[in-house]
Amino acid sequence: MDILDGLNPAQRQAVETIEGPLLILAGPGSGKTRVITHRVAYLVRKCGISPHHIMAVTFTNKAANEMKERLQTLLGSAVQELTMGTFHAICARILRRDGAEIGLDSHFVIYDEEDQQNLVKQSLQGLDLDPKKFTPRAVLSAISAAKSQLLTPQDYAKQRRTYFDEVAQRVYERYEERLRQSKALDFDDLLMKTVQLFQEREKVLSKYQKRYLHILIDEFQDTNVAQYMLAKQLAAKHHNICVVGDPDQSIYSWRAADLRNILNFEKDYPDAKVVFLEQNYRSTQTILETASGIISSNRQRKRKRLWTENEAGEKVIVFEAYNEQEEALFVVSEVERLSKQGTARPQDCAIMYRTNAQSRALEEAFIRYGLPYRLVGATRFYARREIKDVIAYLKLIHNPYDTVSLSRIINVPPRNIGQRSLEQLSNWAQAFGVPLYSALQVLANQEASSETTSSAKHPFSPRIAKSLLSFLSLLNDLIEESQKLGLVELLDEALKRTGYREYVLAEEDGEDRWDNILELRTVASQYKEMPPQEALTAFLEGVALVSDIDDYDTKANAVTLITLHQAKGLEFPVVFIVGLEEGVLPHRRSFDDPAQMEEERRLCYVGVTRAKKRLYLVRAFRRSLMGASTANAPSRFLEDVPHRLVASPQPDVASTKTLVYYASPATPPPLAEPAFKAGEQVRHAQFGQGIVIGCQPISDDQEVTVAFKGTTGLKRLLVSLAKLERI
DNA sequence: CGAAAGGCTCTTTTT
DNA sequence: GAGCCTTTCG
């Protein structure tokens, strides 16, 4: 098969233009992914470029994996040679290998946002500031923005304007110092340090420049200054840089993405060729026109003409519910109706919303009516406390200087090292300017030699000193074990020695939490092929850089619940956008900033253009936000949907007049008949006898809660799996 | 020292 | 409505 077969002229041009800079402006549904994969295949198969010399940067790991899968069929095992991943993942690899050149320890740990916030909190302490005015969150966001623009604390100092800037700058300095002590890098460092490495070490840069003859970057509209600089550095030798994006789909400016990267690409690369992909293969005429209607009100944009040969298709359905419960009910009954009709299966449908909090009402409705659903994100596996605790142990084993992780688990499970003791330890360490781990070792030496060397003598009571030392030896033992044990064995050993299992099981939801840990163990077991040390590094890196969307599996037989941001790059036959209200979408935080308001509009545009066949725009008249229920006006975006595209009876979306369109008289599907009733006596093969407490539908199954005799206690089981026997 | 309870503030979006 | 922090008590 020829690689160019089945491509339209513009797509073909995008694939064949391999020399020099290339900007591909790709409208939604224009076959962008297809172009990128075919371009890579073309480079390898037609131009004889080794995959080793190609770098492709994607926005998520998921996108990278999918692309690899597709290329597998075109290239076979040579795919492994490609450098493919997010900027963050690629940079982490580079720094692990060559970071020593700029003084980085190859055992650096990666700090996620929670870790960062803890560190900012620590750095704020002792500055004697109004904690209301200078929240860790706000300060961190300033620091992160600075780093995304490659501003060091010194650079930041030069351009600070307000008192807040001054404070943020001082915290930034302390924060950096602590990161360094902990041998840790935060997300932004991964980019910034790589840029720095390339700036300061010509040899290293040149090595990578020589290697990467071709560089491809997807979702270019969402890159920040640091990422842009990185691309520029890497491409400086060969100039074969191909960027793909769509300014209308730029939705990450709050994460310091800079639209100017794509808008000014042609200025920075004067010899750049530009290809427009404007034919849409995804959506119906109606959906595409709806999208155009919405986006064309933005003033800061290049006009472009999207078109499609697809049929007009179904009208857009606009629905106003009374409140979020009714909104959810409407969605559920529509999904049910479509699937009864055979029009769409549950997995063909997606429900998109502006904020994670909105998923709750939807979830409740789905559970209540026993419809299968799949929630992307929100539950954030790796953000769970027990998972973070266990990972903190592993991070510490990997790099004991990691002060954030050490502070996190020094008293988890409780070992008599309370806040005050930790504070004492921290102050003492700070006085020496060393990480907590080093301080603990100094303490150990002092205790061992029993000599009382004047000023530096530790401040701890004998009892506390004993607790601290026993923690230190626990940690040291585990570090020693890590030399010989495989990853899973190491994890087990850590859990055993710390007594974490007993600790977690004693809590409320202990069973669930323990199950989560077992799931983490399963993830760890996937690294068994590697040598132990390497496995630990790879595991921690993987864990640090995953995103919620990464393990989203489209095959499950379930409706997808997803934020508009996460929906970028996906497509569904049926899309519901809910919460189309002033204050929600657009979000109220964008009211006073026209640029942000335009981004809200783009977000809405992204949502609409995910739909292939059917689009529902749904809003609620009242909605409870933060406890209180408020009435909201219809979203201004609804006004931009041409009336002729909306299902009759014509809703007058411009007015606040109520409704309009009812899908079949809302007949809520009957509750599935519970398989068990409370009070029934049952027997389980493993847990023995018990009494049923309750039973409720969950996805396409039922969950039964049983109180078992003896030590087992309360268990929640899936009816289909548990094989409960009535007695 | 730590567990429990009560009161406070926020909530966009996330690699 | 929840997570976070502070307070209080054992």
Side-chain angles (χ1 to χ4, degrees), chain A residues 57-64 85-92 110-114 116-118 121 131-132 135-138 140-141 144 147-148 185-191 219 222-224 226-227 250-257 324 352-361 364 376-378 380 382-383 385 411-423 461 463-464 467 503 506-508 541-550 562-568 579 583-591 593 596-597 599-600 602-604 606-607 624-629:
Chain A
V57 185
T58 56
F59 194 69
T60 62
N61 299 301
K62 175 172 181 275
T86 61
F87 270 113
H88 291 88
I90 291 172
C91 287
I110 298 171
Y111 278 179
D112 68 13
E113 192 171 329
E114 194 186 336
Q116 292 182 57
Q117 251 190 68
N118 287 333
K121 247 180 247 168
K132 289 213 174 65
T135 62
R137 202 184 143 79
L140 175 58
S141 139
S144 176
K147 287 184 158 194
S148 300
L185 299 182
D186 64 20
F187 280 140
D188 302 307
D189 279 338
L190 293 174
L191 309 172
E219 306 285 7
D222 285 321
T223 52
N224 63 30
Q227 291 165 331
S250 153
I251 53 176
Y252 282 94
S253 72
W254 51 274
R255 217 172 72 189
E324 71 265 35
M352 303 178 184
Y353 37 82
R354 176 68 234 266
T355 63
N356 281 306
Q358 287 170 261
S359 69
R360 170 158 309 140
E364 279 167 7
V376 181
R380 323 213 65 193
Y382 290 100
R385 201 178 72 237
N411 200 35
V412 179
R415 34 178 94 85
N416 284 319
I417 307 169
Q419 227 175 356
R420 293 192 53 130
S421 310
L422 179 58
E423 214 170 291
S461 70
R463 194 170 121 250
I464 300 297
S467 303
Y503 164 71
E507 285 183 61
E508 210 178 332
E541 199 157 299
V543 161
L545 299 176
V546 278
S547 65
D548 290 318
I549 192 80
D550 287 341
I562 192 169
T563 64
L564 286 160
H565 282 89
Q566 294 181 117
K568 186 172 76 162
V584 179
L585 180 63
H587 196 273
R588 51 173 41 81
R589 294 281 290 250
S590 62
F591 282 170
D593 180 349
Q596 276 193 50
M597 182 56 80
E599 184 151 310
E600 295 290 308
R602 292 194 292 269
L603 195 53
C604 186
V606 166
S624 22
L625 293 162
M626 284 188 272
S629 171

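Letters A, B, ... are given to chains in the order of the sequence lines, protein chains preceding strands, and every chain is numbered from 1.
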> When the distance from CZ of A/Arg589 to P of B/dT13 is rounded to whole Å, what number comes out?
Replying inline: 10 Å
> Under the side chain to side chain contact (heavy atoms under 4.5 Å, CB included) criterion, do A/Val57 and A/Ile90 qualify, and how do the steps go?
Replying inline: CA-CA 8 Å; A/Val57 185; A/Ile90 291 172; 4.1 Å; yes
> Can any side-chain N or O of A/Ser467 pair as donor or acceptor with the backbone N or O of A/Arg463 at less than 3.5 Å?
Replying inline: yes
> Are A/Ser624 and C/dG1 close enough that a side-chain N or O sits under 4.0 Å from OP1 or OP2?
Replying inline: no
> When you measure from the side chain of A/Asn411 to the backbone N and O of A/Ile417, does any donor-acceptor pair fall under 3.5 Å?
Replying inline: yes
> Expressed in angstrom and rounded to an integer, what is the separation of A/Tyr111 atom OH from B/dT15 atom C1'?
Replying inline: 19 Å
> When the distance from CH2 of A/Trp254 to C1' of B/dT14 is rounded to whole Å, what number comes out?
Replying inline: 4 Å
>> If you compare all heavy atoms of A/Ala256 against all heavy atoms of A/Asn224, which two are closest, and at what distance to 0.1 Å?
In response: O-CB, 3.0 Å
> Between A/Phe591 and A/Gly583, which heavy-atom pair has the shortest distance, and what is it?
Replying inline: CZ-N, 3.4 Å
> Considering only B/dT15, B/dC1, B/dT13, which nucleotide approaches the side chain of A/Arg463 most closely?
Replying inline: B/dC1
>> Run the side-chain contact (heavy atoms from CB on, under 4.5 Å) test against A/Ala544 and tell me which residues pass, sequence neighbours left out.
In response: A/Ile110
> What nucleic acid atoms does A/Arg420 come within less than 4.0 Å of, heavy atoms only: base, sugar-phosphate, or nothing?
Replying inline: sugar-phosphate
> What does A/Leu625 touch in the nucleic acid at a heavy-atom separation under 4.0 angstrom: a base, only the sugar-phosphate, or nothing?
Replying inline: nothing
>> Here's a test of your reading of the structure: between A/Asn411 and A/Ser590, which maps to the more 5' nucleotide of DNA chain B?
In response: A/Asn411
> Can you check the A/His88 NE2 to B/dT15 P distance for me, whole Å?
Replying inline: 10 Å
> If you find the nucleotide of DNA chain B closest to A/Arg415 and the one closest to A/His565, which residue's nucleotide is nearer the 5' end?
Replying inline: A/Arg415
>> Measure CG/A/Leu190 against C1'/B/dT15 and give the value in whole Å, please.
In response: 9 Å
> Just checking A/Gln596: base, sugar-phosphate only, or nothing, at a heavy-atom cut-off of under 4.0 Å?
Replying inline: base
> Taking CZ from A/Arg137 and P from B/dT9, how many angstroms apart are they, rounded to a whole number?
Replying inline: 16 Å
>> Treating primed atoms plus P, OP1 and OP2 as sugar-phosphate and everything else as base, which nucleotides of nucleotides 2-10 of chain C get B, S or - for protein heavy atoms under 4.0 Å?
In response: S--S-----
> Distance check: side-chain N/O of A/Asn356 vs OP1/OP2 of B/dT13, anything under 4.0 Å?
Replying inline: yes
> OP1 or OP2 of B/dT15 less than 4.0 angstrom from a side-chain nitrogen or oxygen of A/Asn224, does that happen here?
Replying inline: no
> A/Ser421 near the nucleic acid: base, sugar-phosphate alone, or nothing, with a heavy-atom cut-off under 4.0 Å?
Replying inline: sugar-phosphate
>> Just the rounded figure in Å: distance from P of B/dT14 to CD of A/Gln566.
In response: 5 Å
>> Below 30° counts as parallel, above 60° as perpendicular, anything between as tilted: where do the rings of A/His565 and A/Tyr252 land?
In response: perpendicular
>> Restricting to non-hydrogen atoms, name the atom on A/Pro586 and the atom on A/Glu600 that form the minimum distance, rounded to 0.1 Å.
In response: CA-OE1, 3.4 Å
>> Categorize A/Arg602 for me: base, sugar-phosphate, or nothing, with a 4.0 angstrom heavy-atom threshold over every strand shown.
In response: nothing
> Base, sugar-phosphate alone, or nothing: which one does A/Leu585 contact when heavy atoms must sit under 4.0 Å apart?
Replying inline: nothing
> Looking at the side chain of A/Pro414, which of B/dC1, B/dT14, B/dA3 is the nearest nucleotide?
Replying inline: B/dA3
> So, A/Tyr353 side chain and A/Ile562 main chain: donor-acceptor pair closer than 3.5 Å or not?
Replying inline: yes
> A/Tyr252 stacking on B/dT13: centroids under 5.5 Å, ring planes under 30°?
Replying inline: no
>> Dot-bracket for DNA chain B, please. Rules: Watson-Crick or G-U, both distances under 3.5 Å, ( ) within the strand, [ ] when a pair crosses earlier ones, | for another strand, . otherwise.
In response: ||||||||||.....
>> Does A/Asn61 reach a base, just sugar-phosphate, or nothing at all? Heavy atoms under 4.0 Å.
In response: nothing
>> Checking contacts here: which listed nucleotide (B/dT14, B/dT15, B/dG2) is nearest the side-chain heavy atoms of A/Thr86?
In response: B/dT15
> What are the two closest heavy atoms between A/Ala64 and A/Gly85, and how far apart are they?
Replying inline: CB-CA, 3.9 Å
>> Using whole Å, what does the distance between atom C1' of nucleotide B/dT14 and atom CZ of A/Phe87 come to?
In response: 17 Å
>> Looking at A/Arg420 and A/Glu423, is there a salt bridge between them, counting it only when a charged N and a carboxylate O are closer than 4.0 Å?
In response: no
>> Mind checking if A/Phe59 touches a base, just sugar-phosphate, or nothing, with heavy atoms under 4.0 Å?
In response: sugar-phosphate
